[in-house]
Amino acid sequence: MHISNTTKKVRSGIEFDKQFGSVIPPIYLSANYTFEDLGERREYDYSRSGNPTRSVLANTLSDIEGGSGSVVTSSGLSAVNLLLQLLKPGDLVIAPHDCYGGTWRILNALSQKEHLKVLFLDLNNTEELEAALKLKPKQVWIETPSNPLLRIVDIEKICSLAHKVDAQVITDNTFLSPLLQNPISLGSDYVLHSTTKYINGHSDIIGGCVVANSKEKSDELMWWANATGVTGSVFDSWLTLRGLRTLEVRVTKQQDNAIRIAEYLSSQKEVTKIYYPGLTTHENHHVAKKQQKGFGAMLSFELNLDFENMKTFISKLNHFSLAESLGGVESLIAHPYSMTHASMSAEAKKIAGISEGLIRLSVGIENAEDLIYDIDNALK
Ligand SMILES: *Cc1c(COP(=O)(O)O)cnc(C)c1O
C-alpha cells in the first residue's frame with residue numbers, strides 16, 4: 001500500500017513501543033546496552049554507534065527524502081564534515097560561490113591546509129562548471145535555493161554533468177525541507193540538512209542529517225559517523241521527531257505568509273531588489289517551478305538605506321527578531337553581511353553579491369497581516 005509522506009511524517013515512530021504501547025516513541029537515553037550473552041550482541045550496543053530513538057528519526061528522514069539510508073548528526077556542519085571524510089588528500093571539491101558561510105569556512109580552511117582542493121563557482125555558469133569538471137572533482141556541492149540570495153540552480157542538469165566525470169553530488173536542501181524539494185529524485189547522490197532549521201522548526205536544537213541514495217553509501221557514512229563521533233544527541237533526535245510531525249502544516253503556512261510579504265515588498269519604493277523564487281521576476285523562477293514543490297518561506301531584499309537608517313528600521317520591528325538561523329515558527333530578520341556571512345572575506349561577499357543593504361527574512365507562522373503591518377510601520 002502506498003503511504004504518503006504526509007502520513008509518514010506524522011506517524012513516524014508512533015506505536016513503536018511494544019512493551020507499554022506508548023503512542024509517542026519513547027526516548028532511549030541509555031549510553032549503552034547489555035549483550036544478551038557473550039558474543040551475542042543486540043541491535044544496539046553503544047549510543048554513539050546506534051540508538052533506537054535516533055534510528056526512528058533517521059529512517060523517517062531517509063524515507064521522506066526518497067533515500068536508502070541516513071545518518072543523523074550533531075549539527076548541519078557535522079553533516080558537512082561527515083561528507084568531507086569521503087575525500088582523499090588533494091581531492092577536488094566544487095562548491096557554490098554563495099554557499100552557507102559555515103560550509104565556505106570549512107572548505108576554505110581545509111584547502112588552506114592542503115587537505116583538499118576547492119573551487120567556488122557560480123554553478124549557473126555552465127561554461128565555468130564544465131571547465132571545472134574537466135579537472136575531475138570528487139564532489140560537487142549544490143545549495144538551492146542559496147543563502148542568502150535565493151539563487152536557484154538546476155539540480156538535474158548539474159547532476160548529469162557531474163556524473164559524466166564520476167563526481168558525486170551533494171545537495172544542501174536545508175532551505176526547502178523535504179516537503180518542497182527532493183534532490184535524490186533529481187539525481188543527487190546525497191542530501192544534507194541542517195535539521196536545526198525547518199525539520200525541527202522550533203529553534204530549540206542543533207542538528208543535521210545526510211541522506212544517501214544507496215545503502216552502500218549510507219553504510220559508509222554510518223561507519224565514518226561512528227568513527228568520528230558526529231552522531232546526533234538522543235534528546236535532540238527526539239525533539240526533532242516531534243518537530244517533524246508538523247513540518248507540513250508549518251511550512252505550508254510559512255510559505256503562504258512569505259508569498260504575501262514578497263508581494264507587499266514588491267510594491268515598496270524603498271525596496272530596490274527582492275529575491276524570492278516564487279516571483280516571476282526572479283531570474284530562475286522557471287527552474288524553481290520545475291524542480292520544487294513550492295517556493296519556501298525564505299526571502300531577501302535590498303533596502304536603499306544607510307547603516308544608521310537600517311538600524312532604525314530593524315529596531316522598529318516588533319514581530320521579526322534580529323537573529324541568525326531560520327526555519328522556526330517565529331519570524332526572524334538577519335543582516336547577512338554582518339551576521340550569517342561575517343566569516344566570508346569582504347572579497348568573497350562581493351563576488352557572491354552580499355551587500356550591506358541586504359536583509360534576509362525567515363518568515364514564521366504568525367498572522368500575515370500583522371507581519372506586513374510591522375514591516376510597513378518600520379519602513380515609514
Ligand atoms: C544552518 C545551515 C547549515 C549548518 O547547520 P548547523 O545546524 O547550524 O550546523 C548548513 N547549510 C545551510 C543552508 C544552513 O542554513
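These figures come from a predicted structure and were not determined experimentally. Whatever order the structure lists ligands and atoms in, that order sets their numbers, starting from 1.
The aromatic rings of W238 and F235 lie parallel to each other, their planes meeting at an angle below 30°, with 60° marking the opposite boundary. Below 30°, between 30° and 60°, or above 60°: for Y28 and F16 the angle between ring planes is above 60°, a perpendicular geometry.
Residues lining ligand 1 at a heavy-atom distance below 4.0 Å are given as S75, G76, L77, Y100, E143, D172, T174, F175, S194, T196, K197, G207, L326, ordered by chain and residue number.
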Without placing hydrogens or testing angles, list every side-chain donor-acceptor pair under 3.5 Å for residues 108-118, not counting sequence neighbours.
residue: S111; atom: OG; partner: N108; partner atom: O; Å: 3.0
residue: K117; atom: NZ; partner: G90; partner atom: O; Å: 3.4

Would you list the atom pairs, donor with acceptor, under 3.5 Å between side chains in residues 313-324 and any protein atom, with sequence neighbours excluded?
residue: S315; atom: OG; partner: K311; partner atom: O; Å: 3.3
residue: S315; atom: OG; partner: T312; partner atom: O; Å: 2.8
residue: E324; atom: OE2; partner: T340; partner atom: N; Å: 3.4

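Side-chain contact check for S55 and Y44: at least one donor-acceptor pair (N or O, by modelled atom type) lies under 3.5 Å.
Sorted by first and then second residue, the ring-ring contact (aromatic ring centres under 6.0 Å, His included) pairs involving residues 250-293 (not counting sequence neighbours) are H285-F295.
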